[in-house]
Structure formats: C-alpha cells, structure tokens
Amino acid sequence: MKLLFISTSVGALGSGIGGGVELTLHNIASIMLRRGHQLQILSPTPSTWTDLPVIQIPGNLQIIAQSQERTDPITMPENSVLGNMWEYARQHQQEYDLILNFAYDWLPFYLTPFLQCPIAHLVSMGSLGDALDQIIAQTSQKFPGTIGFHTPSQAATFPHLTPPLYYLSSGIDLSLYKFCSEPKQQIAWLGRISPEKGLEDAVAVAKETKIPLKIMGKMQDTFYWDDICQKYQNAPIEYLGFLSTNDMQEVVRECQALLMTPRWVEAFGNVALEALGCGVPVISYSRGGPAEIVQDGKTGFLVEPDSVSGLIAAVSRLDEIDRYTCRRQAETEFSLEALGERYEKWFSAILANC
Ligand code: UDP
C-alpha cells in the first residue's frame, strides 16, 4: 500500500509534545515499511526524526485538547499547520491508497467526505470535547470502519459511535528495551508533566515509602510541576528530563516498578508497554488503557483510582511479581509484528469497502 501518515498538529515529531502519539506513529510507520509498504509522514516543522521519511510542514500549532473545556468551540490559529498539512494531503492524495490521521482534531474528520482518498482516523485520547465527539460519531456513521481506537475502554468514552470499531492496542520494538532482573531500590514515573497524569500521587508515594522516584517526560506545565515540588518538599524525587527511548529504558529497567497515576481515562499508556518490555511491573490506577494491559497480581497491580494508600500497598507487594512474566507479556501481546498485522487488517478492510 502507498500510505500517507498525518501527524498530530500540537507539536513536531521528536518534540515530545505529542505524547504517546509520537512513539505510536514511529512504531506503526517502522513496521509498515518493514512489511513492504510505501509511506510518507507529514509533521509540523521542525521534526528531529531522521530515520523515517518525514515531510515537514510549516505553520502554527493547535492548542492541546486537554487544556480546553468540553463545550469550547473549535479554534484554529492563523496559518494553521493543521490546515497546511491537510492542504498538502488534498494536493497529493492521488499518490496514495490511504491516509492515516493521527490528529485529535475536528478538521480532519470534517474534511473526510471532501477527499477522494480513503482516510483512517486513529483516535489517540478519550472523549474531551463535545464538538469532536459529534464529528467522530458522524464520521463513524458515514464511513463505517474508518475509526480506530487503542482500547475498548477509550472508545466507550465517546457517544453515538456506529460499528464496526477497530481496537488497535499498541506495540513496541522489543529489541530496544533491555530486560533487567535485578532492579535498584527506585521507582519510575514516565509521561508528560501535566495535571491529567496525576504525578503528585506518585510523589506522595515516594515521600511516604522513602523509595526514590525517577521522573522522566516532557515538561508541559511548569506551574503544575512547581506546585508539586512546593507541596512535597523533601520527597526523594529526581526529574531527569525528556529522554530518548534508549536513555529512558536504561533508567526504567533498573526500577522496581512503574507507577501510572492517570486522573483521566488513559487511551492506552505506551509507557506501560515500555516498562513491561524491560521486565518492570506496572502499578496503575484501574481505569482506561492500563487496566486492560496490566495483569493484576501477575505483571503488576491495579489499584482503586486516586487511592495513594492503594499504590503504597501495591508497592509493598512487588516481590510477588516475576519480572520475566512482565517481559513475556510484552513479547506475546505487544510486539511490533502483531501491531503491523492489526493495522494491515484494518487498512485492508477500509480499502475493500471503497
Ligand atoms: N517518553 C519519552 N521520554 C521520556 C518520557 C516519556 O520519550 O523521558 C515518551 C514515552 O515513550 C511515551 C510517551 O512519552 O511514548 C508518553 O506516552 P503515553 O502513551 O504514556 O501518554 P500520553 O502522553 O500519550 O498521554
């Protein structure tokens, strides 16, 4: 297939602002190329990726959906990079069999009937706003089978969807994550530093248990971070910055566990896979994607949402978890090959319906 992937419009690929979408896009693109398909990626400029075919598109970024209220109207900046990427798609659509949209934005759904090339939409977050919910529901009705989600619990946050819906899960290149059987006395927390990720609960665990917490991820909200540091002075925490996948896994693999403390319905949670890939158990609130990934008591623990004491109790039971079982779960359920097969099946079904 000749594929055009259109990235998120909130940040350039490699910036980290796109969160898990960046790794997801990277992994799907890599496996599609390996399976013999042709592919181009559109990204807002300046992308730092050099290992995949990226076309850089200039323009102003969209604001992130998490910062908006449910009833806010759709907004576009002047010289919108989202608009510019879709103008490129309009002009070049005859060169492709299928377009895959990664943007959690209203415009690509709205434009779907205006393009001749079939468009698949990968929805990367749970429901956050009424206008987007409505256009996703309309697109699922007019173009059945073109809407993909990571998990059923993510899809369940959206109203009025018309089946069939596709659940694509996620996958990682396991060769990039090294197994470690003997961790140090430390715990990891990974993700964008942003309120919906609930970092303060992981910091509270560090303060209470005195187990050092290694924090890695894009600094998205410095007020939020300063507030946490102010509130939990003397907690044994260290912020290591936004690391490359390799540097990140070097730290994560030596941790006793990964803590996931989402306040929202996490669509998936790529970081859970990355930890499991290193043999690191995942302790997460039992909601959204992580609740569908973690095997409670086997590859980590699922804890009552927003319960810090539940997280602490789970940390005290970590010796019950076999780290080889964690790595094995990543290998059997979340390999890049399995991911490639799922996407190929989805794309083929869309093309068969055209
Ligand atoms: N990440 C990274 N470097 C870091 C910390 C995190 O590259 O130092 C990446 C991580 O690999 C993952 C993403 O940040 O792909 C976070 O994605 P996730 O799906 O967990 O959450 P999202 O940000 O999409 O809500």
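Counting starts at 1 for both ligands and their atoms, following the listed order. Numbers here simply count residues along the sequence, with the first being 1.
Looking at ligand 1, you'll find an N or O of Leu243 within less than 3.5 Å of one of its N or O atoms. In terms of polar-atom proximity, defined here as any N/O pair under 3.5 Å, Gly20 does make such a contact with ligand 1. Between Thr245 and ligand 1, no pair of N/O atoms sits closer than 3.5 Å.
Remark: the backbone N or O of Ile55 is not paired with any side-chain donor or acceptor of Gln40 at under 3.5 angstrom. Remark: side-chain polar atoms of Lys218 are paired, donor with acceptor, to backbone N or O of Ser15 under 3.5 angstrom.
If you chain together hydrophobic residues whose side chains sit under 4.5 Å apart, Phe223 and Ile63 never meet in one group.
Ligand 1 places these atoms under 4.0 Å from at least one heavy atom of Val271: 10 (C), 12 (C), 16 (C), 20 (O). Listed by number with element, the atoms of ligand 1 under 4.0 angstrom from any heavy atom of Asn270 are 15 (O), 18 (P), 19 (O), 20 (O). Below 4.0 Å from some heavy atom of Arg192 lie the following atoms of ligand 1, by number and element: 22 (P), 23 (O), 25 (O). When each atom of ligand 1 is checked for a heavy atom of Gly241 under 4.0 Å away, the hits are 8 (O). Near Gly217, meaning under 4.0 Å from one of its heavy atoms, ligand 1 places the atoms 4 (C), 5 (C), 8 (O).
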From CA spacing to verdict: ring pair (Phe, Tyr, Trp, His ring centres under 6.0 Å), His92, Tyr96: CA-CA 8 Å; His92 294 265; Tyr96 298 96; 7.7 Å; no

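The side chain of Trp264, and not its backbone, has at least one atom closer than 4.0 Å to an atom of ligand 1 (non-hydrogen atoms only; side chain from C-beta on). Counting heavy atoms closer than 4.0 Å to ligand 1, residue Glu266 contributes side-chain atoms (C-beta onward) but none from N, CA, C or O.
When the heavy-atom distances from atom 25 (O) of ligand 1 to Met216, Lys197, Met125 are ranked, the shortest goes to Lys197. Considering each of Met248, Lys218, Gln249, the one bringing a non-hydrogen atom nearest atom 4 (C) of ligand 1 is Met248.
For an aromatic pair to be called close, the ring centres must be under 6.0 Å apart, and Phe149 with Tyr166 fails this.
A side-chain donor-acceptor contact under 3.5 Å links Ser127 and Asp133. Checked by atom type, the side-chain pair Ser194/Asp221 shows no donor-acceptor distance below 3.5 Å. Under 3.5 Å, the side chains of His37 and Glu344 contain a donor-acceptor pair of N or O atoms. In this model, no donor atom of one side chain and acceptor atom of the other lie less than 3.5 Å apart for His26 and Asp173.
When hydrogens are left out, the protein atom nearest atom 12 (C) of ligand 1 is Glu274 OE1, 3.5 Å; that is the closest non-hydrogen contact.
Proximity of Arg323 to Pro183: side-chain heavy atoms (C-beta onward) are separated by under 4.5 Å at one or more points.
The nearest protein heavy atom to atom 14 (O) of ligand 1 is not closer than 4.0 Å.
Close to ligand 1: Phe242, with a non-hydrogen atom less than 4.0 angstrom away.
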